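Since we're looking at a predicted model, the values are computed, not measured.
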Number of protein chains: 4
Amino acid sequence: MITTKVKDPDLVRKKQHQIFRGAMKVCRVKGFHNATIREIAKASGMSLGNIYDYIEKKEDILFLIHKEVLDQIYARMEKIIEKHEDSKDQFNIMFKELFSLTMTLKEEMLFIYTETKSLPKEYLHEVLKKESDFVNRYAKVIENSVRRGAFQCEKPELFANIVTFMSAILPLRGWNILQRNTPDEVCKVLLDMASNYLNQ
Amino acid sequence: MITTKVKDPDLVRKKQHQIFRGAMKVCRVKGFHNATIREIAKASGMSLGNIYDYIEKKEDILFLIHKEVLDQIYARMEKIIEKHEDSKDQFNIMFKELFSLTMTLKEEMLFIYTETKSLPKEYLHEVLKKESDFVNRYAKVIENSVRRGAFQCEKPELFANIVTFMSAILPLRGWNILQRNTPDEVCKVLLDMASNYLNQ
Amino acid sequence: MITTKVKDPDLVRKKQHQIFRGAMKVCRVKGFHNATIREIAKASGMSLGNIYDYIEKKEDILFLIHKEVLDQIYARMEKIIEKHEDSKDQFNIMFKELFSLTMTLKEEMLFIYTETKSLPKEYLHEVLKKESDFVNRYAKVIENSVRRGAFQCEKPELFANIVTFMSAILPLRGWNILQRNTPDEVCKVLLDMASNYLNQ
Amino acid sequence: MITTKVKDPDLVRKKQHQIFRGAMKVCRVKGFHNATIREIAKASGMSLGNIYDYIEKKEDILFLIHKEVLDQIYARMEKIIEKHEDSKDQFNIMFKELFSLTMTLKEEMLFIYTETKSLPKEYLHEVLKKESDFVNRYAKVIENSVRRGAFQCEKPELFANIVTFMSAILPLRGWNILQRNTPDEVCKVLLDMASNYLNQ
DNA sequence: AATGAATGAGAATTCATTCAT
DNA sequence: CATGAATGAATTCTCATTCAT
């Protein structure tokens, strides 16, 4: 997708990952717009020029971050789902783990939510596709449970979307909520809302 | 809070509002970081130099936007609350109106959610205070209902926080959700989740 | 033609002329491609940023130089023509003066001949038009003489083109020719060739 | 002249020719200054590093092009001269062939005329020497004819210089002249001017 | 108070050249 | 000898901010 000067795909993968890690390290602190390529290069342990052998423009790094973060989330979620797909209170366990995942990847989640709007149009489609896939995977699990009669849900896809959003509440509003509540308390309320709805 | 060259407070208010409107017009399209002061000046109908009589640095505009947007939301919400404070299904009506408000102010909401992290520390406190006030006002209403026995809620403040967050789902995730669902459908599911929880 | 940030046309004219002079000073020594904007700014007595209030990109300076140089040449030629339009050996005098003009503007002529190919397409048309006008003006004079029976020439426009080109021989080949010949000697031979042809 | 890492002179010759051909292919389109070594390497079918085994710096390529182009022109001209040295209207035929040669090598001629000024001083002498040789060879022919009484010319070397220059009119001014004249028409006028002069 | 020209630090990006393999 | 990844100096251009008018 990104046109690189270097052609060896293994090297490209490795270096782009290196760039992602350096970029994340810097952007976590000062945001993407205030991070300079120089800083990202230094944080990546690469030279300024070498970075440009693996990207074309700064915004490509934004895409790189999106891709890696979403892949990471998706991969972890996939593991969670696989682990619990057949368990009885599957939904509850999955929600808890997903909620805990967004806390672990707090910075990454926040980044995704706040920077996606700066993505060049050319990459937007691919990123949104990834997010949709993610939600759809979630929806599929819920659908299966509904089919098994485990609970009720008229619009699994919409519900999955909402639950995905809800589980990102701490990265986005933690500064306010965590002043008076613990993550566990938040998780419990959210889970109650969701499972009440499914069992209504 | 912002140190201005011009002293007449009425004029300052008027011009800062003018700046806010111009800035919002531009930032809505290209985001705060990609908007130049030149563009904002032009959109505000002010000269470049004159802008700097009412702000000190670009980030002041970020603060200006936060202040005005949050005040706007708060004011509108206040009206909504006042209108329905004593009605029976107060919560349902309020939620619907709040949800509809975030759709009306979609751009503004998105702006707040994505740009707050760029606010200079000096302003952060004031802004977060405003948001807290907003949530607390909401919480107060719920508390009253609980006290009246209208429904159950152990942590009104947390619940208010969650509901506030939930009602911002369309500005933040609309691009995905609205592909297959109407705003009304989304509102209905959210409201079901919330009121089920209150009446559990 | 060049989009400028500053709107006052008098100021634009003045500053663009200033840029032209600074640029010519630098490019004369090291050529356009090896001249940096920084150097040109310094030579123009302007700040780096201020230059960009009057041009959009470096290549605009190339256009600026073309415009000013061609205008200068054209203006001087016009004077020469007007002065001698009715004299008997008009052609000879004009040729001599034109030849001498290209020597005075040696650097400028060389610049035009060597850098026109680097002009952005968007400006090419305007510049070529100017050059054509120049040649056509020359052709017109010759045509008039032919009509008066002063001499013979079947293709005045082509002839004017050739003579224009010939009179630029010193800027382009002076390094070789002037090793063994004086400018006057060169002029004499060229003039003989041209006037023999007209009187053949 | 160019210091190379590789020592085998045959290989050096072969590879430098390869570089010249690649460079010409690229520079023809975008000029020397806008051509990158990367592009030239690719067009030469050589690797980036390998190029630097046969040159020291980019400007060496400029020299390479000059050398090869001038040698080519000189060789072709030599053939033309040899073929017609003893013929009666030797000059006319030679001029026509030379004129036609500059049209065949239009791009190359233009390149020489516009890029020589960028040559590093160290190479300038060698290149100008080549050009002088070229002109002198031409001058010699004319001198011989003069000696034979075929025609008159007081300064054969200057005349040869002028004629050489004149025959390059199309590469340099073709964009203007060819809009209304055919190459043959141009050649005829130039030849008339030159031979009139010789027979005056 | 208002205007907008001027300043210059700072950012992205390019590309000649080197060097390890 | 050949390869191409790596380096970093150099360059263009932007834009927040100042300041003379």
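A:Asp71 pairs by the salt bridge (Lys or Arg N to Asp or Glu O under 4.0 Å) definition with A:Lys130, not counting sequence neighbours. Partners of C:Asp53 according to the salt bridge (Lys or Arg N to Asp or Glu O under 4.0 Å) rule, which considers only residues two or more places apart in sequence or in another chain, do not exist here. Residues that satisfy the salt bridge (Lys or Arg N to Asp or Glu O under 4.0 Å) test with C:Lys106, not counting sequence neighbours, are absent from this structure. Contacts of A:Lys5 classified as side-chain hydrogen bond (donor to acceptor under 3.5 Å, both in side chains), with partners at least two apart in sequence or in another chain: none. The side-chain hydrogen bond (donor to acceptor under 3.5 Å, both in side chains) test applied to C:Tyr123 returns C:Asp60, not counting sequence neighbours.
Pairs passing the salt bridge (charged side-chain N to carboxylate O under 4.0 Å, His left out) check and including a residue from residues 114-127 of chain B, sequence neighbours excluded, read A:Glu115-B:Lys117, A:Lys117-B:Glu115, B:Lys57-B:Glu122. Under the salt bridge (charged side-chain N to carboxylate O under 4.0 Å, His left out) criterion, the residue pairs touching residues 13-26 of chain A are A:Asp10-A:Arg13, with sequence neighbours excluded.
A cation-pi contact, defined as under 6.0 Å to the ring centre and within 45° of the axis, is absent between D:Lys58 and D:Tyr52.
Of the two residues near DNA chain E, B:Lys5 and A:Ala35, the one whose nearest nucleotide lies more 5' is B:Lys5. For the pair C:Arg38 and B:Thr36, both in contact range of DNA chain F, the more 5′-proximal nearest nucleotide belongs to C:Arg38.
Side-chain contact between C:Thr114 and D:Tyr113 is absent, with no heavy atoms from C-beta onward closer than 4.5 Å.
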Atom pairs and distances, side-chain donor-acceptor, residues 34-45 of chain D, under 3.5 Å, sequence neighbours left out:
residue	atom	partner	partner atom	Å
D:Asn34	ND2	D:Lys30	O	3.4
D:Thr36	OG1	D:Glu39	N	3.1
D:Thr36	OG1	D:Glu39	OE1	3.3
D:Glu39	OE1	D:Thr36	N	2.8
D:Glu39	OE2	D:Lys30	NZ	2.5
D:Ser44	OG	D:Ile40	O	2.6

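B:Gln18 places no side-chain N or O within donor-acceptor distance of the main-chain N or O of B:Met46, the cut-off being under 3.5 Å.
Put simply, CD on A:Glu39 is 13 Å from C1' on E:dA12, counting in whole angstrom units.
For the residue pair C:Cys27 and C:Phe32, the shortest heavy atom distance occurs at SG-CA, 3.7 Å.
Within residues 7-28 of chain C, no residue approaches DNA chain F, by heavy-atom distance under 4.0 Å. Residues of residues 41-56 of chain B having a heavy atom closer than 4.0 Å to DNA chain E, listed by number: B:Ser47, B:Leu48, B:Gly49, B:Asn50, B:Asp53, B:Tyr54.
Axis deviation across the helix from E:dA2-F:dT21 to E:dT21-F:dA2 amounts to 0°, comparing end segments of five pairs, rounded to 10 degrees.
Nucleotides of DNA chain F that come within less than 4.0 Å of any heavy atom of chain D span, from the 5' end to the 3' end, F:dC1 to F:dA5.
B:His17 has its ring centre less than 6.0 Å from the ring centre of B:Phe20.
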